[in-house]
Amino acid sequence: MPLYRRPNGIDLPFASEITPQEIFESRRSFIRQIAVGAVGAGSLLELTTGDAFAQAGSGQKLAAKANPAYVVMDQATPYKDAITYNNFYEFGTEKSDPAENAGSLKTRPWTIAIEGEVKKPMTLDIDSLLKLAPLEERIYRLRCVEGWSMVIPWIGYSLSELIKKVEPTGNAKYVEFTTLADNRQMPGLRSPVLEWPYVEGLRMDEAMHPLALLTVGMYGQVLPNQSGAPVRMVLPWKYGFKSAKSIVKIRFVKDQPRTAWNITAAREYGFYSNVNPDVDHPRWSQATERRIGEDGFFTKKRKTLMFNGYNEVAPLYRGMDLKKYF
Ligand code: MTE
């Protein structure tokens, strides 16, 4: 359940995974394993994930050169898990909703407006965006604020490539990402769980960091709709919600942007949201995480690492109190 019922009866989005949900999940996968064992091939597993594969479209291949500078040794999350366990509230708040409902998202034609404090504002169609810089495959860990993580071979290029092209002015201090909000395509918009459209933001130096990946594919293919097609951000040192999906506008601004989760619960979701095992979420610890695909009755949780292990970003925050700027 993504919603957490407070004692006062007000629902809050996101619930830690250190809840009965986890027990439920591992029980379910255990039951699945038994079922698979019992019925053999042509199993229940196939039945539960088949829809998602249909949604993922034809699995259109996307060529990219592996970048050896960005590889983690952890085993990649099975593709099936990466495309059936998602957060994309525009398609519903259950983890399985995006895989079930995102088939209605039309990703062509698609344009992205790049505007605000830049010398060269532009509107790019998705195919021009794909050709703007060489596509790289990078294997990143992504840690969700709820306490789970995945390891995914993403395809894209550093956001800085795009930023250099539009030439930000001296007034550009922050970057704001706005994502699609279309009632006809996105059934989740009927629910006021977040303020729509979903907006996220970065400070300019964060946006320029080479790790910040403008992402158009994963696992050698174009992004499946539920994963944020046709273009999303992946910011591996920040909690997953900073990585906005299905972006339509990138705006350079003077002031720190208002962001979707911060608007909803400012005390729980700060602007920076760097992965930090030492700063608890007000409702749960952030010290450990569950790796999706590794779950079972006896699987030990992994220790969460500062900046999700991406220590190269530490200089961006030197001198900042990360308990205050969480
Ligand atoms: N982007 C949009 N537009 N809408 C969303 O609800 N959810 C965020 C982020 N980007 C979200 C979004 C959250 S909470 C997470 S953890 C990641 O997407 C999940 O990415 P994944 O489903 O590819 O793992």
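Computed from heavy atoms alone, side chains included, the values below leave out hydrogens, waters and symmetry copies. Since the structure is predicted, the reported quantities are computational estimates derived from the model, not experimental observations.
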Asks: What's the separation between atom OG in Ser273 and atom CG in Asn262, rounded to the nearest 0.5 Å?
Replies: 8.0 Å
Asks: Does the side chain of Ile114 reach to within under 4.5 Å of the side chain of Leu162, using non-hydrogen atoms?
Replies: yes
Asks: Might you point out which heavy atoms bring Ile83 and Pro224 nearest each other, and give the distance in Å?
Replies: CG2-CG, 3.8 Å
Asks: Among the clusters formed by ILVMFWY side chains lying less than 4.5 Å apart, do Trp284 and Phe326 turn up in the same one?
Replies: no
Asks: Decide yes or no for Met204 and Pro168: does some side-chain heavy atom of the first lie under 4.5 Å from some side-chain heavy atom of the second?
Replies: yes
Asks: Salt bridge or not between Asp255 and Lys173? Use side-chain N to carboxylate O under 4.0 Å.
Replies: no
Asks: Counting N and O atoms only, with roles assigned by atom type, does the side chain of Ser158 sit under 3.5 Å from a partner on the main chain of Pro210, one being a donor and the other an acceptor?
Replies: yes
Asks: Less than 4.5 Å apart, side chain to side chain, heavy atoms only: is that true for Val253 and Glu117?
Replies: no
Asks: Counting the benzene-type ring for Trp, do Tyr239 and Tyr272 have ring centres under 6.0 Å apart?
Replies: no
Asks: Whether Arg190 and Glu90 form a salt bridge (side-chain N of Lys/Arg under 4.0 Å from carboxylate O of Asp/Glu) is what I want to check.
Replies: no
Asks: Are Lys80 and Tyr85 in a cation-pi contact, defined as NZ or CZ under 6.0 Å from the six-membered ring centre and within 45° of the axis?
Replies: no
Asks: Crowded around Arg108 CZ? As in, over 12 foreign heavy atoms under 6.0 Å?
Replies: yes
Asks: Under 4.5 Å between side-chain heavy atoms, counting indirect links through other Ile/Leu/Val/Met/Phe/Trp/Tyr residues: same cluster for Val72 and Tyr70 or not?
Replies: yes
Asks: Under 6.0 Å from the ring centre and within 45 degrees of the ring axis: does the NZ or CZ of Arg143 meet both conditions for the six-membered ring of Phe307?
Replies: no
Asks: Are the side chain of Thr179 and the backbone N or O of Tyr198 linked by a donor-acceptor pair below 3.5 Å?
Replies: yes
Asks: Assess whether side chain to side chain donor-acceptor pair (under 3.5 Å) is satisfied between Asn274 and Lys238, documenting all intermediate values.
Replies: CA-CA 4 Å; Asn274 294 318; Lys238 292 180 177 284; 3.0 Å; yes
Asks: Hey, could you give me the CG/CG distance between Asn225 and Asn101, rounded to the nearest 0.5 Å?
Replies: 11.5 Å
Asks: Within the side chain of Lys242, is there an N or O that forms a donor-acceptor pair under 3.5 Å with the backbone of Gly201?
Replies: yes
Asks: Hey, mind stepping through Gln185 and Ser104 against side chain to side chain donor-acceptor pair (under 3.5 Å) and telling me if it holds?
Replies: CA-CA 5 Å; Gln185 303 186 60; Ser104 53; over 6 Å; no
Asks: Do Tyr317 and Glu206 get their side chains close enough for a donor-acceptor pair, meaning under 3.5 Å?
Replies: yes
Asks: Might you point out which heavy atoms bring Gln221 and Ile155 nearest each other, and give the distance in Å?
Replies: N-CD1, 4.0 Å
Asks: Taking all atoms of both residues into account, what is the closest heavy-atom pair of Phe91 and Pro98, and its distance?
Replies: CB-CA, 3.9 Å
Asks: Could you check whether Glu289 pairs with Lys303 (Lys NZ or Arg NE/NH1/NH2 to Asp/Glu carboxylate O, under 4.0 Å)?
Replies: no
Asks: Could Asp182 and Lys106 be called an ion pair, given the rule that one side-chain N must be under 4.0 Å from one carboxylate O?
Replies: no
Asks: Verify whether one side chain among Asp125 and Ser128 offers a donor that lies under 3.5 Å from an acceptor in the other.
Replies: yes
Asks: Could you give the distance from CG (Asn86) to CD (Glu100), rounded to the nearest 0.5 Å?
Replies: 11.0 Å
Asks: With no hydrogens and no angle check, is any side-chain donor or acceptor of Asp81 less than 3.5 Å from a backbone partner on Thr77?
Replies: no
Asks: Examine distances only and state if a side-chain atom of Tyr140 and a backbone atom of Leu211 form a donor-acceptor pair shorter than 3.5 Å.
Replies: yes
Asks: Answer yes or no: is there a side-chain heavy-atom contact under 4.5 Å between Met150 and Ile152?
Replies: yes
Asks: Please tell me if the side chains of Thr169 and Val118 come closer than 4.5 Å, counting only heavy atoms from C-beta onward.
Replies: no
Asks: Side-chain contact, heavy-atom cut-off 4.5 Å: Leu135 with Val216?
Replies: yes
Asks: Look up atom CD1 in Ile126 and atom NZ in Lys131, then write down how far apart they are to the nearest 0.5 Å.
Replies: 11.0 Å
Asks: Begin with the C-alpha distance, continue with both residues' side-chain angles, and end with the deciding distance and a verdict on salt bridge (Lys or Arg N to Asp or Glu O under 4.0 Å) for Glu146 and Arg283.
Replies: CA-CA 10 Å; Glu146 292 169 302; Arg283 291 186 273 131; over 6 Å; no
Asks: Could you walk me through whether Arg251 and Glu115 pass the salt bridge (Lys or Arg N to Asp or Glu O under 4.0 Å) test, one step at a time?
Replies: CA-CA 5 Å; Arg251 190 172 174 79; Glu115 54 183 52; 2.7 Å; yes
Asks: So, Glu137 side chain and Asn67 main chain: donor-acceptor pair closer than 3.5 Å or not?
Replies: no
Asks: Are side-chain N/O atoms of Trp237 and Asn308 paired as donor and acceptor at under 3.5 Å?
Replies: no
Asks: Work out which heavy atom in Leu159 is nearest to a heavy atom in Ala207; give both atom names and the distance.
Replies: CD2-O, 3.7 Å
Asks: Please check this pair: side chain of Thr288 against backbone of Lys301, looking for a donor-acceptor N/O pair closer than 3.5 Å.
Replies: no
Asks: Rounded to the nearest 0.5 Å, what separates atom CD1 in Ile112 from atom OG1 in Thr123?
Replies: 10.0 Å
Asks: Could you check whether any side-chain N or O of Arg138 sits under 3.5 Å from a backbone N or O of Ala66, counting only pairs where one atom can act as donor and the other as acceptor?
Replies: no
Asks: Which heavy atom of Tyr310 sits nearest to which heavy atom of Ile139, and what is that distance?
Replies: OH-O, 4.3 Å
Asks: Are the side chains of Val175 and Ile250 in contact, using a 4.5 Å heavy-atom criterion?
Replies: yes
Asks: For Pro236 and Val234, which heavy atoms make the closest approach, and how far apart are they?
Replies: CD-O, 3.5 Å
Asks: So, are Glu167 and Lys165 salt-bridged, with charged N and O less than 4.0 Å apart?
Replies: no
Asks: I'd like to know if the side chain of Thr111 and the backbone of Leu124 have a donor-acceptor N/O pair within less than 3.5 Å.
Replies: no
Asks: Given 3.5 Å as the limit, does a donor-acceptor pair link the side chain of Ser285 with the main chain of His281, or not?
Replies: no
Asks: Same cluster or not: are Leu214 and Val199 linked, directly or through other Ile, Leu, Val, Met, Phe, Trp or Tyr residues, by side-chain heavy atoms under 4.5 angstrom apart?
Replies: no
Asks: Test salt bridge (Lys or Arg N to Asp or Glu O under 4.0 Å) on Glu176 and Arg258 and set out the steps.
Replies: CA-CA 9 Å; Glu176 179 189 79; Arg258 296 171 78 237; over 6 Å; no
Asks: Is there a chain of hydrophobic side chains (I, L, V, M, F, W, Y, each step under 4.5 Å between heavy atoms) that links Ile263 to Trp196?
Replies: no
Asks: Quick one: do Leu305 and Val145 end up in the same hydrophobic cluster if we chain Ile, Leu, Val, Met, Phe, Trp and Tyr together by side-chain heavy atoms under 4.5 Å apart?
Replies: no
Asks: Measure from the ring center of Phe241 to the ring center of Tyr269 and say whether it is less than 6.0 Å.
Replies: yes
Asks: Quick check: do Gln286 and Val279 have side-chain heavy atoms less than 4.5 Å from each other?
Replies: no
Asks: Which is it for Met233 and Leu213 under the side chain to side chain contact (heavy atoms under 4.5 Å, CB included) test, yes or no, and what are the steps along the way?
Replies: CA-CA 6 Å; Met233 284 306 301; Leu213 191 69; 5.7 Å; no
Asks: Going by the angle between their ring planes, with limits at 30° and 60°, are Trp261 and Phe14 parallel, tilted or perpendicular?
Replies: parallel
Asks: Looking only at side chains, do Arg291 and Ser149 share a donor and an acceptor under 3.5 Å apart?
Replies: yes
Asks: Salt-bridged, Lys323 to Asp278, with N to O below 4.0 Å?
Replies: no
Asks: Rounded to the nearest 0.5 Å, what's the gap from CG on Leu180 to OG on Ser246? Could you check?
Replies: 6.5 Å
Asks: Would you call Arg203 and Asp205 a salt bridge, taking side-chain N to carboxylate O under 4.0 Å as the test?
Replies: yes
